[in-house]
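Below is one structure, written out as structure tokens; the observations come after it.
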Amino acid sequence: MARQWESMAAEVVLRHGGPADAEALLPLFVSAPAAHDALIPVLARHGDRRLAACLLEATVEGGRLREDAPSGVLHAVGRLGYAPATSLLWEHVDSLHEVSRDACLGLLHLPCEEVRGEIAEALEKHEGDALFPEFLPVLAPKTKDPAWLERLVAWGEDGASVDCNGGLILGVSLHGGPARTAFTRLLWDTRWEACGTGTGSALWSYAGTRVLGLGLPQLYADLWARLRAGADPDVLREPLRSFITLVRLRSVDIWTGVEAAEVSPESYDTLYGALFAPAPDAGDPLADLSDLTDLVGRVFGGDDPLADEARHLEDALHAAAAHEWTLRAAAPH
């Protein structure tokens, strides 16, 4: 129960805390890292390079992460920009899944100049494989070779297992503006199952939308455009299911740990208005479909569980928008 309360408190500090909170919580984490792993996101977001060095001192022995230490430390020290840890993180990329993931996500936040060649070699070694260190592809931009954008897309479409494509999805988005078209396409492409919740890919697809500044109202407009263009509603089933997943993640303001994904998204009231209170357009042939719930009903049927979820999201976004307004009103002017 204590761990549960600590986790909930850490969520609040993560969103509303600051450097002083990270400093205050560091001794507690260092005293028993495995018991206080819920604090890692707070330390990663609000700490600094000095704090990163303290994390390594408490969890690394003989050049390796201690077996009882949470792997999230690797992500945190990279996120904090602690470049001296670069080689250490790279040594953990070819490890068990969680350790490899956190090492790659840590390296994502570092220049990686001294391991650029090794990154390129590892990518070429695994390119086209169904299974591989899943988050290695997020490091493709570190090679400075723009050709990796198309190579990652081809890898995801033709080779990678959907159980191992989270890093490919995020890696595509990290190529920036040139990746927007390819990324939007893969979101709706059933070969990627980009918003699969069972595989974990949904979180990284959501992070990718944030990295690229693809707002949910914009993606929603894309789905409407497909329907207005005469697309068979059945063709929209999986894209719409994926979109609902992205809205769900936004509704809980999930933290991805990727700094590039922390640009301010659309406000909750803007999102609520776009999805559930759109301005009527008398000239729209689909004007009878007034909101997301109606669209889900048209595509899936009103009795489908996804229609219930759309109604639940309407309530959740309405509550979040109200809370957002309360915070604005309480903020000092």
Side-chain angles (χ1 to χ4, degrees), residues 153 156-157 162-163 165-166 169 172-173 180-210 212-254 265-266 268-321:
V153 171
E157 290 177 349
V162 294
D163 293 319
N165 68 359
I169 292 168
V172 168
S173 75
R180 288 175 69 91
T181 299
F183 185 84
T184 304
R185 187 173 66 244
L186 75 82
L187 279 180
W188 312 140
D189 188 333
T190 56
R191 290 175 294 180
W192 285 81
E193 295 185 24
C195 292
T197 53
T199 63
S201 298
L203 175 62
W204 308 110
S205 294
Y206 175 70
T209 66
R210 297 282 292 271
L212 290 170
L214 289 170
L216 294 179
Q218 180 181 350
L219 293 173
Y220 186 53
D222 181 58
L223 291 179
W224 273 101
R226 290 165 177 254
L227 194 58
R228 289 188 179 97
D232 184 339
D234 287 343
V235 175
L236 292 179
R237 291 178 68 88
E238 292 311 310
L240 187 53
R241 193 185 301 277
S242 295
F243 181 75
I244 290 286
T245 300
L246 295 175
V247 176
R248 183 191 316 129
L249 293 172
R250 173 69 183 101
S251 72
V252 297
D253 194 23
I254 194 165
E266 64 282 325
Y268 282 119
D269 55 336
T270 296
L271 182 58
Y272 178 83
L275 302 188
F276 296 106
D281 182 355
D284 187 346
L286 300 177
D288 59 311
L289 299 179
S290 60
D291 60 20
L292 179 60
T293 304
D294 288 337
L295 180 58
V296 170
R298 166 73 70 90
V299 174
F300 287 90
D303 295 330
D304 191 275
L306 205 65
D308 290 334
E309 180 162 10
R311 287 186 283 269
H312 171 74
L313 287 172
E314 180 176 8
D315 293 339
L317 289 177
H318 186 275

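Given the structure is predicted, the values throughout are model-derived calculations rather than measurements. Note that the numbering runs from 1 along the sequence shown for the chain.
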query = CH2 of Trp192 to CD of Glu157: how many Å apart, nearest 0.5 Å?
reply = 6.5 Å

query = How long is the gap from CH2 on Trp204 to OG1 on Thr199, to the nearest 0.5 Å?
reply = 12.0 Å

key: Separation between CZ of Phe300 and CG of Leu236, rounded to the nearest 0.5 Å   = 9.0 Å

message = Is there a side-chain contact between His312 and Asp308 in this structure, where contact means two heavy atoms from C-beta onward sitting under 4.5 Å apart?
response = no

query = Taking only residues two or more places apart in sequence or in another chain, which ones pass side-chain contact (heavy atoms from CB on, under 4.5 Å) with Ala320?
reply = Tyr268

request  = I would like to know whether Thr209 and Arg250 meet side chain to side chain contact (heavy atoms under 4.5 Å, CB included); could you show each step before the answer?
outcome  = CA-CA 11 Å; Thr209 66; Arg250 173 69 183 101; over 6 Å; no

request  = Decide yes or no on side chain to side chain contact (heavy atoms under 4.5 Å, CB included) for Leu295 and Trp224, but give the supporting numbers first.
outcome  = CA-CA 9 Å; Leu295 180 58; Trp224 273 101; 4.1 Å; yes

message = Rounded to the nearest 0.5 Å, what separates atom OG in Ser173 from atom CG in Leu186?
response = 9.0 Å

Expected output: side-chain Arg248 to main-chain Leu313 donor-acceptor under 3.5 Å = no

inquiry  = Are Thr245 and Tyr206 packed together at the side-chain level, in the sense that at least one heavy-atom pair is separated by less than 4.5 angstrom?
reply    = no

inquiry  = Are Val296 and Asp304 packed together at the side-chain level, in the sense that at least one heavy-atom pair is separated by less than 4.5 angstrom?
reply    = no

ask   = Under 4.5 Å between any side-chain heavy atoms of Leu292 and Leu240, yes or no?
value = yes

message = Going by side chain to side chain donor-acceptor pair (under 3.5 Å), name the residues that satisfy it together with Thr270, two or more places apart in sequence or in a different chain.
response = Ser267

task = Under the salt bridge (Lys or Arg N to Asp or Glu O under 4.0 Å) rule, collect the residues that match up with Glu314, sequence neighbours excluded.
result = none

key: Trp188 vs Leu223, side chain to side chain contact (heavy atoms under 4.5 Å, CB included): CA-CA, chis, key distance, verdict   = CA-CA 9 Å; Trp188 312 140; Leu223 291 179; 4.1 Å; yes

Atom pair OG1/CG of Thr293 and Leu306 - distance to nearest 0.5 Å = 10.0 Å

remark   = To the nearest 0.5 Å, atom CG of Asn165 lies from atom OG of Ser205 at 7.5 Å

query = Does Arg241 reach the side chain of Cys195, with side-chain heavy atoms less than 4.5 Å apart?
reply = no

task = Return the orientation label for the Tyr272 and Phe276 ring planes: parallel under 30°, perpendicular over 60°, tilted otherwise.
result = tilted

inquiry  = Any salt bridge linking Arg311 with Asp315? Criterion: basic side-chain nitrogen under 4.0 Å from a carboxylate oxygen.
reply    = no

